[in-house]
Number of protein chains: 4
Amino acid sequence: MSVLAKVIEPRWERRKDARPSELASAALELFVERGFAATRLDDVAKRAGVSKGTLYLYFDSKDELFKAIVREGIVPRFVEFEERMRSYEGSSADLMRLLVKTWWQKIGATKLAGISKLMISEAGNFPELAKFYHDEVIVRGLAIFKVAIQRGIDSGEFRPMELEHTPHICAAPVLMLMLWRNSFDLCGAQGMDPETYLDIHTDLLVRGLLK
Amino acid sequence: MSVLAKVIEPRWERRKDARPSELASAALELFVERGFAATRLDDVAKRAGVSKGTLYLYFDSKDELFKAIVREGIVPRFVEFEERMRSYEGSSADLMRLLVKTWWQKIGATKLAGISKLMISEAGNFPELAKFYHDEVIVRGLAIFKVAIQRGIDSGEFRPMELEHTPHICAAPVLMLMLWRNSFDLCGAQGMDPETYLDIHTDLLVRGLLK
Amino acid sequence: MSVLAKVIEPRWERRKDARPSELASAALELFVERGFAATRLDDVAKRAGVSKGTLYLYFDSKDELFKAIVREGIVPRFVEFEERMRSYEGSSADLMRLLVKTWWQKIGATKLAGISKLMISEAGNFPELAKFYHDEVIVRGLAIFKVAIQRGIDSGEFRPMELEHTPHICAAPVLMLMLWRNSFDLCGAQGMDPETYLDIHTDLLVRGLLK
Amino acid sequence: MSVLAKVIEPRWERRKDARPSELASAALELFVERGFAATRLDDVAKRAGVSKGTLYLYFDSKDELFKAIVREGIVPRFVEFEERMRSYEGSSADLMRLLVKTWWQKIGATKLAGISKLMISEAGNFPELAKFYHDEVIVRGLAIFKVAIQRGIDSGEFRPMELEHTPHICAAPVLMLMLWRNSFDLCGAQGMDPETYLDIHTDLLVRGLLK
DNA sequence: AATGAATGAGTATTCATTCAT
DNA sequence: CATGAATGAATACTCATTCAT
């Protein structure tokens, strides 16, 4: 397209950037704000700066858009996060603190955190997706905590602990913070300070785990 | 009226005063299963065994039905729960365990637990209701934990703790369990055993809090 | 019913007066204010001080209620009005003035005037009723004017006039006033003074008719 | 596009800019036939040959559709009609006859005449619209008659006349004819001949006004 | 690739009508 | 006679989806 055309038809210029991920990003924001059903594709399109029809060039349906957000939004980030944890060499208590902190920084503090809320809200309506999310995200996330706890037990730092339920308990306060920031925090509820909150959580947790 | 008539005209056997709560109960189940927007009033009516029009005899709109469920469903139970905690005389560690256990038994294990999921999902769409829920339920719930912690600190059982964020952390695993059972648990995810889960939670928590 | 019961159950006392005509009267007011379709039987019942079910003791349906209002509301009054005109002995110009004035006083100024608006609005939806109204009210009303005009022509007071359309023209300003008072007059439009208006009308009309 | 394609896909032949007035036109017909409340948007859409959803592309609601019909249907025609009257140079009696005749031809004989019936029927339900119609249409229409009468008085043709109510009386028979043709005329009532009717009206009126 | 006008199935809500009491 | 809870058909309005351009 010529420079002249650019001036005459600036509308056509931004298309180059209108990648699926931008559409998904706009959709995620709205899904998190309003929920899946209450989000209109009109609004998604408007926020992404494209027409409604364009959404259908990239996603077969609203359901598929939702699934794509979850699948492509969270899993890659999570894998990345998972890898960061592998090669840690310090104490298990420090590893636990690092886990929580990194999870928060890489996911919890970003808008990806909203996906947790979405999945909890919509698990009933998207059973296959819920299964996928459970297997790919939750199980893997819990496994990381499980490994960390096992590591602490093996090294003699931690008491022997049950290993199925305990990871859930390690994760719960982090998840609740993510949910909180995408629900009540928006409605004028007293805000929480994530850093303080997570420090207290890890402090309590590590004390609870130590021999 | 004879038993026979009862069979012929069961419609009129229903008591006027029982109706609102029957309807609210049916609605709660569906709202929890499917979310607010995805629940059709037709289905609520069907589950309650009445016609759609009947819903409007008792609730002005779908919104008001939702609000009534939250307001009348949870607050009274919560107040009741609150009162049970007042007069405890044992150790603070035991009080903490009792708090968690009672909360679970009286609310978490009932279908009222679904309201937590609903509020998290719909806080953005019902800001006034979210405020109400925050003030009437969350703040009061957190206050109970706050009092228990303070009590432990005062008696010398617990370490000095920050008191704004810590209650959230005490509550988080219980809430997550409530959410879990109304989301992933339904989709074939591995179930959790509430008793085991909560025992581990309180065990870790109390160890974390003790001097 | 004893005097005591009267005190104990005053609710049951007004029933004696709840005659069909009272219900019709309440309905007429609302039909005129809001139109047929926009009037809810709930409101009719409320205004009449009875329950909605009671309406069905006296009228088979909303349509029948409407028809009864028209049939029983206007025809008897109109017959009465018709009779007043028979035995007049003065000049035809004075008769014309009397006709207009009496029509106004006995019908136009009362809430029966609203029926004209109703019939114009609903003629399309109630063809049989429109036919009935046309034959029983309009034709008879026009006949009165026709007779008066013929009388004036016969006596030499009036010019020879066409007798099919002229009665409509005599009546039109009176009807318009009735419509006006039940439509724009209610919406803050500048009011008209009926007496002045009708004096001018008859003055113009008589001058137009005289030789 | 070929003629064949036209036949295969007539849907897309309709012009975007023609749509609103086509829809309004279809709606006007039905509103006049059945009244506002009794007209279903399904039927409006069907008569316009579009789907119900299409109506909402152009009008925000049924109310707005009604308002658009009144605002855009009648006011421009009326303004146009008003302008035609300005520059008349003949006698005031002839002007009065011309006024009536032109009003009839340009509005009364068209389906725009139905708007008068609609406004009378619905004034109570659309107070703001009634005010608008009163100010933009009625007041202006009456003003034209007022000017004509004043002109006749000033030139010595007409007697001195009251000027607030008289214009209403000049207009009433024309309006009644418009109403008649959209109500009883449809129900098998004896038809009136507009030309004869209006000739008699202007004849009577002018005789009444002349010195 | 992108548009946006058009669609029509789907849903909340209303209200005339019924009927056991 | 009178009630008013219950009904369900009717209808305004929404929004995911399609498709000619």
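Letters A, B, ... are given to chains in the order of the sequence lines, protein chains preceding strands, and every chain is numbered from 1. As the structure is a prediction and not an experimental result, all values here were calculated from the model.
A sub-4.0 Å separation between OP1 or OP2 of E/dC15 and a side-chain N or O of B/Tyr56 is absent. At E/dA2, none of the side-chain N or O atoms of A/Thr54 fall inside 4.0 Å of OP1 or OP2 (strictly under the cut-off). Listed pair D/Tyr58 / E/dA6 meets the phosphate criterion, a side-chain N or O lying under 4.0 Å from OP1 or OP2.
Annotation: salt bridge (Lys or Arg N to Asp or Glu O under 4.0 Å) contacts of B/Glu72 (sequence neighbours excluded): none. Taking the salt bridge (Lys or Arg N to Asp or Glu O under 4.0 Å) definition, one finds that C/Lys52 meets it with C/Asp42, sequence neighbours left out. In this view, D/Asp43 and D/Leu30, D/Arg34, D/Arg40, D/Lys46 satisfy the side-chain contact (heavy atoms from CB on, under 4.5 Å) rule, not counting sequence neighbours. Remark: D/Phe59 engages no residue in a ring pair (Phe, Tyr, Trp, His ring centres under 6.0 Å) (not counting sequence neighbours).
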Please list each protein N or O that sits under 3.5 Å from an N or O in nucleotides 9-11 of chain E, with the distance.
from: E/dT11; atom 1: OP1; to: B/Arg40; atom 2: NE; distance (Å): 3.0

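Residues D/Ser25 and D/Lys111 have side chains that bring a donor and an acceptor to within less than 3.5 angstrom of each other.
In this entry the distance linking CG of C/Asp63 with C1' of E/dC15 reads 14 Å, nearest Å. Atom-to-atom, CG of B/Leu57 to P of E/dT14 comes out at 12 Å; the value is rounded to the nearest Å. Nucleotide E/dG8 holds its C1' atom 13 Å from the CG atom of D/Leu55, rounded to whole Å. Across the protein-nucleic acid pair, C/Asp60 atom CG and E/dT18 atom C1' stand 13 Å apart, rounded to whole Å. In this structure, the CZ atom of A/Phe59 is 16 Å from the P atom of F/dT18, given to the nearest Å. The distance from atom CG of A/Leu23 to atom C1' of E/dA1 is 12 Å, rounded to the nearest whole Å. Between D/Lys46 atom NZ and F/dA12 atom P the separation is 13 Å, expressed in whole Å. Distance, D/Leu65 CG to F/dC13 C1': 13 Å, rounded to whole Å.
If you find the closest nucleotide of DNA chain E to B/Phe36 and to D/Ser51, the one lying nearer the 5' end belongs to D/Ser51.
Using the six-membered ring where Trp is involved, D/Phe36 and D/Phe31 have ring planes that are tilted, between 30° and 60° apart.
From one end of the helix from E/dA2-F/dT21 to E/dT21-F/dA2 to the other, with five pairs defining each end axis, the axis direction shifts by 10° (rounded to 10°).
Under the ring-ring contact (aromatic ring centres under 6.0 Å, His included) rule, C/Phe66 has a single partner from C/Phe126, C/Tyr133, C/Phe132, which is C/Phe126.
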From CA spacing to verdict: salt bridge (Lys or Arg N to Asp or Glu O under 4.0 Å), D/Arg47, D/Glu33 = CA-CA 13 Å; D/Arg47 184 167 298 198; D/Glu33 281 171 30; 3.1 Å; yes

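Ion pairing between A/Glu64 and A/Lys67 holds under the 4.0 Å rule for side-chain N and carboxylate O.
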